[in-house]
Structures are given as structure tokens and as C-alpha cells.
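Values in this document were obtained by computation on a predicted structure and should not be read as measured data. All chains are named by letter (A, B, ...) in the order of the sequence lines, taking the proteins before the strands, and each is independently numbered beginning at 1.
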Amino acid sequence: MLGAKVWWHREVPARPHLPGAALQTPEEDDTVQRILSSQLKAYSGQTVTVAGWIHRRRLLKSVAFLILRDAEGLTQIVITEPSPRAQLEELTEPSDRAQLEELTEPSPRAQLEELTEESVVEVTATVTLNEQAPGGVELVSPVIKTLAKAAELPFELHRPALTATLPTQLDHAALALRHPSRRASLKVAAAATAGFRAALSEQRFVEIQTPKIVASATESGADVFRLDYFGRPGYLAQSPQFYKQMMVGVFERVFEVGPVFRAEPSDTARHLSQYTSLDAEMGFVADHRDVMAMLTRTLGVMMATITARARTQTPKVPSEIPSVPFAEALRIAGADRDEPDLAPADERAIGEWALREHGSEFVYVTGYPMRKRPFYTHPDPVDPTYSNGFDLLFRGMEIVTGGQRLHRYDDYVKAIQAMGEPLEAYAGYLDAFRYGMPPHGGWAIGLERFVARLLGAANVREVTAFPRDLHRIAP
RNA sequence: GGUCCUGUGGAGCAGUUGGAGUGCUCGCCGCCCUGUCAAGGCGGAGGUCGCGGGUUCAAGUCCCGUCAGGACCGCCA
């Protein structure tokens, strides 16, 4: 009958006192404190409020599970009350049912049956330790408040691995990135960046920001994006190189984390037209080996930070990373000794060699031919056809380029004239050397390549939130 | 830029010698199920076989073009 007591007529439970003074101040006493999935175990027996996305529903006849996803992970919420339909049929005469359904609030069970995956909900429920529950803790007797409903998903998000192909994921990036695996790779990138900053800051490096809109496409000419800058030609910066060198004259040691833009028509699994460059430049070095030592130290801190913050296993960075001269690298790879550069297959072979002979996942290749390096590269004093430049290979892929730079004004004048270019185009840059610069050098780490190698991703796009390439400019 | 490969319900695939839009895994909808955890069981809906042209009695299948995607190479981080 209508007078029958229906269980879901219920007040929201009064908020209990929460442990930890930091979580509760007198002013907040009447507000509901949101608890993250990772904190739940500390609240055993208490009623708390959690909120997040519906990761997955599992509906059985008399028990239902709501798997909630928040910033920290997953929470299982259990609804053991029978379905509203079963309740209605049990408690009412058939003639009263329609009226009863109109008069009663929807039960949590009924709400869950209506909600789709990825809808956003707030749940107030009691924390219960239960060995049957994933992670040993779950929430029971929930009151569910819907914050937003989600449309039907284009692909499943609840499985351990994303089943959609990469193009499908990238087309729906806002959704695909929510998957724990995609989210984890972005967290690794964030930890790598944090480690980079921490390592260099404690070595007296100063973080700088350099312009991404530049006046001339000087470094290599062709591979830049042109733009209309108030009616004049402008370009997107393909590197902070000139600016970080200029700033060595100010701080001695500088670094930058920022985007670089490459208009190269390179359509591969390791190329992006915008990527994140982890740049550093340091003054008063003897030669490129001082730069390599600082890079090695930095990589060690980056790995430690990734392990700590992203809970990801990282390979050991040797205190001294094996280093092979360019000609030796060609020999190891079995390449033609006249080759001016290492092909991707050569890099893979050298990576395998370093692991086999030195137990290192990292290997430096030093002394590239000058003709393959940019004009500001410092030549090897012993043989000026070779350079004091280096690359760092990680698991067989080039992830860092660095080296010692020219630092004397006259050397720059000669190098620019040798390219057949006018000095005026480099006037602002040359000022740094005209007015005195120490011997210096630096490097640039490709963040996406680094993370892809670390996580074993076949394509840098898998670890990039919104990749930009030859074919993709949205989303 | 070059070479090769792939386009089949919402997702991922298979489709034989050219013979009816055939099949698989998942999702979705309905029903069943008291502990799921990538839940399970039964049933159902959902298709311009990327697009255009050609060959053929007949094309998802063969040929040409085109668009989209992928792999490798070149080049780079």
C-alpha cells in the first residue's frame, strides 16, 4: 500500500567528524569534505563523500557495483538493496505501483541503471573494509547525486588496455586521455619535467622563458612555420638555442621547458611538428664532456623523480654513461665509414651494443662531423672536421642533442660568412659574443621521445596529449 | 618527399577461387543472475563493405582514380 515504508526514503547521513585537524576547520564544519580514492582506508566505518567519473557499472539482480574513478584511482561502491522494481512488486498492490513510482525518489539502484559510463557523480556512503573488495576497501549504503550525464562512449574506457587504435584515440583525445594508461604516461612526462627542473635548480641553473615567435628562420632555414606578424613575416621558434646562449651571458647556467616547432615533412612514429624541449645551457665548461656530465646527473634525478611521483620503474643511469666516438659508432653499427650521420637502424645497433658490452640503456655518441652540425658548434681542437657535439641514445633512439658551442665573436663571424649569410640577420645574437661570452655548451632533450622510450611506446603520439603532426592539428 | 600496407554496424577484427551484408570479440538495448572486479548467461537492434569509375551474368573480393589511416626510409629531438 502507499503507506508501506520504502527504504530509500532517507535523509542524507549527517556528516561525521573526520580525523586530522588539517582536513577540518570550524568554518568548514557544515560542508561535506570530499575524500579521494587513495585516502579511503583511513576513514573505515565513517560516512564520507567521494566524487568522480563512473568508470564501470556491474549490475546483478540484488547487488550492484559502481566503480568510481577520481584523480587518485578507483573506488568500489556497493548497492546491496534490491532493485526498485522488485521492491515495488513486493510492497504494493499492482494498482498502486504507478502512483508509488511517481511519489518516491529514485533509489541508488535505479539511478545507477540510468547512468552511463563517464557520467560524473558525487556519492555519500560508508567506508567498509572488505577483503572481497578490490584494494580491500569499498563504500556501502550510498546516496548518489548526479553532477553530469555522459553520452554513449565511442570506445570502451574501462578495460586494462585501450582497444581503440591510435587514430581513433587521438580523434577523441578528451576521452581517451582519461584511460589510466594514457593518463599515466602524461604523469610520467610531468614527473620527468619536475625532475629536470629540480636537478638543474640545485646546480645553480636559472629557469628562463624565451620567445616562441621569432623574426628569422636562421638555424636551418627550411623547416619553420611562417606566420603573419602584424604584416611582417614571423616564424615559430624551432629551438630556444640562440636565446639560451645569450642568457648564459646573464646567469651562466640556464634551462627552459617549452614547446618547439618543426615544419619538417617527417611522417614517422617519432616526429611531431610541436614537441616539448628540455633545454639547458651552461657557461665556463672545459669542453662538451662537462656538459655530458651535467646531463648524466640530470637524467639520474629525472629517473628518480619519475619513480617517486609516477610510480613507474626506471632504468639505472650509470654514473658514467658509455661514450663512443662517431667513427667507432659507425663501425659498431656496421655502417659505411663515410656516412655523415647515424641512421635509425645504426642507432638501434649502437643501443644494443651498449647494453651488451656495458649494461647501459644509455650511450653517448661524440664528435659528429662538423658538416652535419649547426654553425655555432665548437670544432674538435684535435681535428676540426669533427665537432665537440654529442647525441645521447636511449634504448636505441636519439633523445638528446648537445655539445660545446663557439664562444668567440670572430669565430661566429667566420662561421656565418662561411654559410654565405649576412651578419645583420644575427645582430641580436652576435651581441652576446661581441660583449664577451665564456666557453659554454648545453643540450636539448626531446620530452616525448624520452617518455616514449621509457614506457616502451611505439609511437610518440601515445604519450602526447594533443599531438601535432603533418596531418593532425585538432583536437 | 619515397616505398609498402590497410579502409567491412559504435570499438577491434575475420571474410577462402568473384556467387545473398556472411562471421568473431567487445560495446549498446531487453531479460536472467546475491560479491562483481576485463563479471557471467539468453535474446535483440545496429551496415551506402571510405568515395567515384571500370571489368563481369555476378564485386567486400579483380582493375583504375581519389580521400583517409598505418609502417618503414630520408631528416631530426
message: Applying a 4.0 Å non-hydrogen cut-off, can you work out what A/Q132 is touching in the nucleic acid: base, sugar-phosphate, or nothing?
response: base
- request: Select base, sugar-phosphate, or nothing to describe what A/Q76 touches, counting heavy atoms under 4.0 Å on all strands.
  value: base
- request: Would you kindly give the CG-to-C1' distance between A/L74 and B/rU36, to the nearest whole Å?
  value: 14 Å
- prompt: How far does the C1' atom of B/rG50 sit from the matching atom of B/rA45, given to the nearest Å?
  reply: 24 Å
query: Below 4.0 angstrom from OP1 or OP2 of B/rA77, is there any side-chain N or O of A/S277?
result: no
query: Roughly, in whole Å, what's the span from CG in A/D267 to P in B/rG1?
result: 9 Å
field: Worked check of salt bridge (charged side-chain N to carboxylate O under 4.0 Å, His left out) between A/R69 and A/E118
entry: CA-CA 9 Å; A/R69 189 186 69 246; A/E118 291 308 302; 2.9 Å; yes
- request: Would you sort out whether A/T168 and A/T165 count as a side chain to side chain contact (heavy atoms under 4.5 Å, CB included), showing the intermediate values?
  value: CA-CA 5 Å; A/T168 306; A/T165 55; 3.1 Å; yes
query: Between the side chains of A/S387 and A/T377, is a donor N or O closer than 3.5 angstrom to an acceptor N or O?
result: no
task: For A/V400, answer base if it contacts any base atom (sugar-phosphate contacts may also be present), sugar-phosphate if it contacts only those atoms, and nothing otherwise; contact means non-hydrogen atoms under 4.0 Å.
output: sugar-phosphate
field: Atom-pair distance (CD on A/E152; P on B/rA45), nearest Å
entry: 17 Å
field: Nearest-angstrom distance, C1' atom, B/rU8 to B/rG69
entry: 15 Å
query: Who is the Watson-Crick or G-U wobble partner of B/rG40, with both distances under 3.5 Å?
result: B/rC32
- prompt: What about the rings of A/F225 and A/F261, do their centers lie closer together than 6.0 Å?
  reply: no
field: Watson-Crick or G-U wobble partner of B/rG7, both distances under 3.5 Å
entry: B/rC67
task: Please state how far atom CZ in A/F390 lies from atom P in B/rA77, giving the value in whole angstrom units.
output: 12 Å
query: When you look at A/S201 and A/E207, which way does the side chain to side chain contact (heavy atoms under 4.5 Å, CB included) test go after all the steps?
result: CA-CA 8 Å; A/S201 296; A/E207 181 161 8; 5.9 Å; no
message: Measure NE2/A/H158 against C1'/B/rG12 and give the value in whole Å, please.
response: 14 Å
task: Could you work out the separation of B/rU61 and B/rU17 based on their P atoms and round it to a whole Å?
output: 15 Å
- prompt: Using a cut-off of 4.0 Å on non-hydrogen atoms, how would the nucleic acid contact of A/N459 be classed: base, sugar-phosphate, or nothing?
  reply: sugar-phosphate
message: Students often get this wrong, so: under 4.0 angstrom with heavy atoms, is A/L447 touching a base, only sugar-phosphate, or nothing?
response: nothing
- request: Provide the Watson-Crick or G-U wobble partner of B/rG74, both distances under 3.5 Å; none if there is no partner.
  value: none
task: Check every strand shown and say whether A/R373 touches a base, only sugar-phosphate, or nothing at a heavy-atom separation below 4.0 Å.
output: nothing
query: Expressed in whole Å, how much space separates the C1' atoms belonging to B/rC5 and B/rA77?
result: 28 Å
field: N/O donor-acceptor pair, side chain A/R58 with base B/rC33, under 3.5 angstrom
entry: no
message: What's A/L59 touching, base or sugar-phosphate or nothing? Going by heavy atoms closer than 4.0 Å.
response: base
query: Considering every strand shown, what is the Watson-Crick or G-U wobble mate of B/rU17 when both distances are under 3.5 Å?
result: none
task: May I ask you to verify whether the side chain of A/E138 and the base of B/rG35 hold a donor-acceptor pair under 3.5 Å?
output: yes
- request: Could you measure between the two P atoms, the one in B/rC63 and the one in B/rC4, and give it in whole Å?
  value: 14 Å
- request: Please measure how far the P atom in B/rC57 lies from the corresponding atom in B/rA14, and state the result in whole Å.
  value: 32 Å
task: Report which part of the nucleic acid A/E117 touches: base, sugar-phosphate, or nothing (heavy-atom distance under 4.0 Å, all strands).
output: sugar-phosphate
task: Mind checking A/P134 for me? I need base, sugar-phosphate or nothing, with any heavy atom below 4.0 Å counting as a touch.
output: base
message: Classify A/N130 by what it touches in the nucleic acid, base, sugar-phosphate, or nothing, heavy-atom distance under 4.0 Å.
response: base
Option passing ring pair (Phe, Tyr, Trp, His ring centres under 6.0 Å) with A/Y412 (candidates A/Y429, A/Y376, A/F242, A/Y426): A/Y429
message: At 4.0 Å (heavy atoms only), tell me whether A/A64 reaches a base, stays on the sugar-phosphate, or touches nothing.
response: nothing
task: Check whether any side-chain N or O of A/K372 sits under 4.0 Å from OP1 or OP2 of B/rC76, and answer yes or no.
output: yes
query: Once you round to the nearest 0.5 Å, how far does OG of A/S141 lie from CD1 of A/I79?
result: 10.0 Å
message: Does A/T168 reach a base, just sugar-phosphate, or nothing at all? Heavy atoms under 4.0 Å.
response: sugar-phosphate
query: Any side-chain N or O of A/R109 less than 4.0 Å from the OP1 or OP2 oxygen of B/rU34?
result: no
query: How long is the gap from CD on A/Q241 to CD on A/Q238, to the nearest 0.5 Å?
result: 10.5 Å
query: Which part of the nucleic acid, if any, lies within contact of A/T268, taking any heavy atom under 4.0 Å across all strands shown: a base, the sugar-phosphate backbone alone, or nothing?
result: base
- prompt: P atom, B/rG40 versus B/rG1: distance in rounded Å?
  reply: 47 Å
task: Looking at every strand, decide which applies to A/I399 at a 4.0 Å heavy-atom threshold: base, sugar-phosphate, or nothing.
output: sugar-phosphate
Phosphate contact (B/rC73 OP1 or OP2) by A/R348 side-chain N/O below 4.0 Å: yes
field: Between C1' of B/rA77 and CZ of A/R468, the distance in whole Å
entry: 19 Å
message: Between B/rC31 and B/rA71, how far apart are the two P atoms, rounded to whole Å?
response: 44 Å
